[in-house]
Amino acid sequence: MHVMILGGGVVGVASAYYLAKAGHQVTVIERQPGVGLETSFANAGQVSPGYSAPWAAPGIPLKAMKWLMMRHRPLVLWPCLEPRLYGWLARMLANCTEDAYRRNKGRMVRLAEYSRDALRDLRSETGITYDHREKGTLQLFRTQKQLDHVGDDTRVLDAYGVPYEVLDSAGCIAAEPALRHVGGIIAGGLRLPGDETGDAHLFTQRLAAICEGLGVAFRYRVPVAQLLSRGDRIEGVETGDGEILRADAYVVALGSYSPALLRPLGIEAPVYPVKGYSLTLPVTDATAAPVSTVMDETFKVGITRLGDRIRVGGTAELAGFSDVLRVPRRQTLERSVGDLFPRGGDLGQAKFWTGLRPMTPDGTPLVGPTRVANLFTNTGHGTLGWTMACGSGRLLADLVSGRAPEIESEDLGVRRYAVPA
């Protein structure tokens, strides 16, 4: 069967790999001149099943109000007259209940842990390298109040069997020796030893090369205009220059741009672009740089070691499809890494970047079939596209191939948002 994947980010390329391994003819359509050049390009670098949790949670509305008032605020909302934003926010708020959080967390952990195992299998199969490390994640608390609330996190981890360690200041320094230079600002931490790190862009590039060896065709600089349908099937893809591309099945993996393509077909995909920022700076002193990933709980910033670089990522900005690089967001990232690893990297040479994370209101991505017989989605992964890419791709390949998936998948698809007839 010929399968056409729309989108060449880490999720789209992972889908191509598993579909090709399943014996399908695969074509990837990408508007950029290469793979992994948008949201996958400079993300925080974390593969974090242990941190797979929806943003919509009990207490978040009150916390969000406080965050909006902070100078170095992790959440930014730009007032605008955009009905889709407010509809998405209303749905997200509706998921801020205990029952919804447990349901959504369960879905996300299921897929994230499956994806971690799939990534490890892929490494074994292919020998792919991408500046990856398997040294866990340290969530760092600057205040005793933050540490006192660690039970809120560990109860959830206990429920899903995720291993962890609660550490005092000395334990944090043992896990991340460079923190010895700033030990006085550390109250404690929560370490997840099963998490990994890696360069998502490098992974996507190298996996695309492996895919080409499996016969996958990549077509670059080809924007997608619309899906052409007849009855309950897609008949083709019309490109920006009017060309019609045809296949037997189609996968929409366009991140934040997926809803615009699905909407004319009557498919509701509530994915909204949540803007994130990152800095990438060269390591100047390896002994003063992070070993793996440190999550700065105060600023909601992740600081990750990627080879001879440090990646600093954070902020959730609701500003539509804006790609403006805003100085206050950079200052927050600089503040966090400057506090914790002041001698680790050269901020003067840092590269500032922004990307659009495709978020669903319940945090769970949209992976699986649609009401259109030969159309599938693999989108809406939010901040966890890198974490969930391989599992989502392997799951999707099973569903497209008509095989029974290895994990429960009925509640992961776009159909959960369908309006009853």
Side-chain angles (χ1 to χ4, degrees), residues 1-20 22-40 204 207-208 211-212 214-271 273 321 356 358 365-381 385 389 392-393 395-402 413-415 417-418:
M1 180 164 58
H2 182 195
V3 184
M4 187 170 293
I5 299 171
L6 309 179
V10 66
V11 170
V13 175
S15 300
Y17 173 78
Y18 288 104
L19 284 163
H24 299 290
Q25 176 189 353
V26 181
T27 301
V28 177
I29 308 299
E30 169 56 47
R31 68 179 180 176
Q32 296 290 349
V35 296
L37 294 178
E38 295 196 25
T39 304
S40 304
T204 306
L207 187 59
C211 286
E212 288 179 328
L214 295 172
V216 176
F218 288 84
R219 292 197 56 182
Y220 298 119
R221 296 185 173 90
V222 179
V224 174
Q226 63 175 325
L227 293 169
L228 305 176
S229 64
R230 176 176 292 184
D232 67 344
R233 295 186 65 81
I234 301 299
E235 289 200 326
V237 174
E238 182 178 348
T239 70
D241 62 5
E243 183 182 4
I244 306 300
L245 307 176
R246 301 189 189 279
D248 300 308
Y250 303 82
V251 178
V252 176
L254 291 169
S256 299
Y257 299 91
S258 300
L261 200 63
L262 296 168
R263 199 172 298 123
L265 303 173
I267 298 172
E268 169 68 2
V271 175
F321 287 88
L356 302 176
L366 309 174
V367 185
T370 70
R371 64 176 186 80
V372 178
N374 61 338
L375 179 65
F376 298 79
T377 61
N378 199 356
T379 189
H381 295 75
S392 297
L395 171 62
L396 182 84
D398 284 340
L399 293 170
V400 171
S401 303
V414 71
R415 291 173 176 172
Y417 285 109

Review point. Between Asp232 (side chain) and Ala373 (backbone), is there a donor-acceptor pair under 3.5 Å?
Key: no

Check your understanding: Where do Ala249 and Met1 come nearest, in terms of heavy atoms and distance?
Key -> CB-SD, 4.3 Å

Review point. Can you check whether Val10's main-chain N or O pairs, donor with acceptor, with Ser40's side chain at less than 3.5 Å?
Key: yes

Check your understanding: Is the shortest heavy-atom distance from the side chain of Ser258 to the side chain of Val271 under 4.5 Å?
Key -> no

Check your understanding: Any side-chain heavy atom of Arg31 sitting closer than 4.5 Å to one from Val224?
Key -> no

Review point. Can you tell me how far CG of Leu228 sits from CG of Leu245, rounded to the nearest 0.5 angstrom?
Key: 9.5 Å

**Study point:** Heavy-atom check, side chain of Thr239 versus side chain of Ile29, under 4.5 Å
**Key:** no

Exercise for review: Write down the atom of Tyr220, the atom of Gln32, and the distance for their closest heavy-atom approach.
Suggested key: CB-O, 3.4 Å

Check your understanding: Taking atom CD1 of Ile234 and atom CG of Leu265, what is their separation to the nearest 0.5 Å?
Key -> 4.5 Å

Point to revise | Heavy-atom check, side chain of Val372 versus side chain of Tyr250, under 4.5 Å | key: no

Practice item. For the residue pair Thr379 and Leu254, establish whether any side-chain heavy-atom pair is separated by less than 4.5 Å. Key: no

Study note, to complete from the structure: To the nearest 0.5 Å, atom CG of Leu19 lies from atom CE of Met4 at 13.0 Å

**Study point:** Side-chain heavy-atom pair Val252, Asn378 within 4.5 angstrom cut-off
**Key:** no

**Study point:** Gly255 to Pro358 - nearest heavy-atom pair and separation
**Key:** C-CB, 3.5 Å

Practice item. Determine the minimum heavy-atom distance between Glu30 and Gly9, stating which atoms define it. Key: OE1-N, 4.3 Å

Point to revise | Exercise: identify the closest heavy-atom pair between Ser256 and Phe321 | key: O-CZ, 3.6 Å

Practice item. First locate atom CD of Glu268, then atom CG of Leu262, and finally report the distance between them rounded to the nearest 0.5 Å. Key: 9.5 Å

Practice item. Would you indicate whether the side-chain heavy atoms of His2 and Thr27 approach each other to under 4.5 Å? Key: yes

Review point. Taking C-beta and beyond as the side chain, do His381 and Ser392 meet within less than 4.5 Å on heavy atoms?
Key: yes

Check your understanding: Looking at Cys211 and Val13, what are the two nearest heavy atoms and their distance?
Key -> SG-O, 3.9 Å

Point to revise | Distance, nearest 0.5 Å, that separates CG of Leu214 from NE2 of His24 | key: 13.0 Å

**Study point:** With Val251, the side-chain contact (heavy atoms from CB on, under 4.5 Å) member among Thr377, Leu396, Leu399, Val28
**Key:** Leu396

Review point. How many angstroms lie between OG1 in Thr370 and CD1 in Ile267, if you round to the nearest 0.5 Å?
Key: 4.0 Å

